[in-house]
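Numbers restart at 1 for each chain; the letters A, B, ... are given by sequence-line order, proteins then strands.
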Amino acid sequence: MSISVRNISKSFKKVQALDQISFEVAQGELFGLIGPDGAGKTTLFRILTTLLVADEGSASVFGFDVIDGMNDIRNSVGYMPGKFSLYQDLTVEENLTFFATIFDTTVAENYHLIEDIYVQIEPFKNRRAGALSGGMKQKLALCCALIHQPKVLFLDEPTTGVDPVSRKEFWEMLKRLQQKGITILVSTPYMDEAALCDRIALIQDGKILDINSPEEIVAKHQHVIYDVKASNPHQLISLLKAYPTAHSVYPFGEYVHYTDQSGEFKQEDLHAYLAHNGLKEIVIQPTPATIEDAFMELAN
Amino acid sequence: MNTIRYIIQKEFKQIFRNKGMLPLIFVLPLIQLIILSNAATFEIKNIKVGYVDFDHSSTSDGLMDKFTASTYFQVKDQFPSQQLANSAMLNGDIDVIITIPSHFERDLLKEQKVNLGLQINAIDGAAAGVTNFYIQQVVSTYNNAIRAELIQGNLPSEMLPKNLLTIPSFWYNETLNYKTFMVPGILVLIVTMITLFLSGMNIVREKEIGTLEQINVTPIKKHQFIIGKLFPFVLIGLLLLTIGLVISKVIFSIPINGSILLMYGYTIIYILVILGIGLFISNFTDTQQQAMFISWFFVVIFILMSGLFTPIESMPKWAQVLTDFNPIKYFVEVMRMVMLKGSSFQDILPQIIKTSIYAILMNGLAVWSYKKTV
């Protein structure tokens with residue numbers, strides 16, 4: 001097992017950030033931690049990267065305990081914190097050389113690992129890191145985290161605040177790194193990115209709701225989901241919630257996702273109910289479940 | 001070793017790229033040195049004197065002429081009554097009221113003794129003390145002269161008062177030039193403030209930006225990190241000292257009697273103390289603002305209790321004990337001793353030992369308190 005977490009708990013004053021978390025990540029796996037802000041993802045990363053000591057439980061990374069094997073872990077993991085944390089007043093190249101040097105290696109030695117990514121930012125190698133765009137910053141940070149050839153990569157919300165194109169590219173890069181045998185633990189608040197992981201853990205309020213492959217998690221979703229749309233979205237939500245057999249109602253893009261608890265639900269009945277209450281342009285159609293639906297189901 | 005070298009290199013790059021910071025580091029302190037050295041004087045000049053003369057004799061006129069002649073006094077007005085003089089002092093028009101009693105000349109002749117009234121505005125106690133001393137000097141000089149003159153004719157020569165002549169000789173600062181006294185001290189302030197503020201804000205800045213978190217997950221050793229951080233500031237401190245010494249010599253013609261090497265050697269140990277304090281502060285704060293406030297707190301206490309502006313001997317006992325923990329005190333002492341007195345290594349050995357212990361202690365604390373875990 002590349003990463004193994006057993007009953008980890010951590011609280012800050014009155015807030016229970018992590019509550020009895022356990023999971024395992026196999027070598028070469030791309031594992032996603034999916035959850036909203038404040039779920040405890042960053043705290044978990046800090047514990048695994050030896051920056052924070054857990055109150056309870058134990059964890060190991062690549063066979064090294066997070067307490068006793070602290071130095072071994074620091075030598076063999078790459079960490080990309082959620083906040084951009086390279087030297088903004090050093091250039092792209094200087095940042096990379098700096099991190100290579102403090103890991104007692106050189107850029108040339110591990111260039112093969114970062115080449116795909118570095119070529120994209122190489123034209124700007126003399127630009128200060130602070131002057132890079134969000135997407136380029138992320139690429140540089142990933143290069144710096146990879147330069148010492150880590151066995152495990154920790155990426156804390158690497159795509160938050162990055163444009164959709166760069167996000168897509170970033171995930172393609174992760175897939176390629178995974179093929180090189182690097183274990184990757186990545187957290188994200190974006191449910192669409194979750195589908196790109198081998199396995200995901202849905203996490204909320206410091207607790208793991210479910211761990212499985214994205215497909216399995218979606219497949220487990222039992223209720224039929226309906227996309228509902230009408231002229232007045234605000235009124236629509238309150239009306240749907242008031243519908244006698246409503247199970248869950250939450251906005252989802254331009255639609256409202258609706259599930260019903262009874263087996264004899266008919267779209268026409270709901271349509272009539274909404275029309276009766278004065279809504280116009282009503283659309284109701286079944287839709288396949290997504291991870292977000294699964295998350296909403298589990299979180300409720 | 002390679003790691004330390006690279007950290008040092010990185011720190012220098014960052015310092016020199018911070019365009020706003022460079023002038024702050026080098027230009028502002030020099031302006032301070034030039035302005036403060038000229039302005040922070042202990043000499044009291046232009047003392048505004050008012051007087052009430054009830055005697056109107058040639059002796060009383062003569063006394064006031066002495067004050068008028070002095071460059072320290074500015075004789076403003078003669079007041080017809082004590083009340084008017086008092087209200088003038090209340091308005092702040094005059095600092096001193098000299099009251100010459102009636103029969104001043106007659107009593108001086110007949111009884112060899114007479115009282116003068118003297119009122120000094122003592123809102124600034126130290127200044128009042130100096131003023132009093134100046135007035136006493138003027139009066140006693142005049143006293144000697146007038147007695148010789150008045151008594152001469154009346155007494156046989158063997159009974160003439162014998163004058164005792166004191167010729168003071170001021171060592172180490174022969175001309176009593178306050179600049180000679182102040183400049184080494186102000187130099188100390190500049191080196192201290194700049195190095196403390198820079199080091200105090202340094203690690204905390206990395207905390208604020210988030211780079212420290214990234215550094216902490218690397219296998220970098222604590223001592224490598226701290227040494228890498230300290231070294232550039234030692235160099236900056238020494239550079240400031242050099243520029244300061246050149247200015248002292250060129251602009252203020254301050255003598256440098258002792259060994260320059262000794263001065264630099266001591267300064268290195270001293271800067272290590274200050275940097276240790278700075279890094280210690282940095283480790284215990286979360287923002288640069290907090291670090292700045294705490295640094296200021298210590299700087300103000302250290303400066304005011306360093307013996308730079310007020311002599312340590314006149315502080316209360318408990319405060320004197322506290323000054324033993326004040327690194328600035330030792331640096332001021334050493335700078336004055338070496339620059340003005342030409343003291344040798346042996347002479348400043350006690351300061352060297354104390355400062356070295358302090359340096360080891362503070363840097364030990366800095367390394368200890370820098371935790372790689374949050």
Salt-bridge present (Glu169(A), Lys139(A); N to O < 4.0 Å): yes

What part of Thr91(A) lies closer than 4.5 angstrom to a heavy atom of chain B: side chain, backbone, both or neither? both

Exam field: side chain Thr50(A) to backbone Val66(A), donor-acceptor pair closer than 3.5 Å: no

So which of His148(A), Met80(A), Arg128(A) has the biggest tally of heavy-atom pairs under 4.5 Å with chain B? Arg128(A)

What part of Ile7(B) is in contact with chain A, defined as an atom under 4.5 angstrom from a non-hydrogen atom: side chain, backbone, both or neither? both

Side chain from CB out, backbone as N, CA, C, O: work out which of these in Gln9(B) comes under 4.5 Å of a heavy atom of chain A, or both, or neither. neither

Quick one: which residues of residues 10-20 of chain B reach chain A at under 4.5 angstrom, heavy atoms only? Lys10(B), Lys13(B), Gln14(B), Arg17(B)

Donor-acceptor under 3.5 Å (Lys207(B) side chain, Thr287(B) main chain): no

Could you tell me whether the side chain of Phe26(B) reaches within less than 4.5 Å of the side chain of Leu239(B), counting heavy atoms only? yes

Report the residues that fulfil side chain to side chain donor-acceptor pair (under 3.5 Å) with Glu56(A), sequence neighbours left out, ordered by chain and then residue number. Gln20(A)

With no hydrogens and no angle check, is any side-chain donor or acceptor of Thr183(A) less than 3.5 Å from a backbone partner on Val152(A)? no

If we count only N and O atoms by modelled type, under 3.5 Å, do the side chains of Thr285(B) and Gln290(B) hold a donor and an acceptor together? no

With a 3.5 Å distance limit and no angle check, can you tell me whether Ser166(A) reaches the backbone of Gly135(A) through a side-chain donor-acceptor pair? no

So for Phe154(A), is it side chain, backbone, both, or neither that comes closer than 4.5 Å to the heavy atoms of chain B? neither

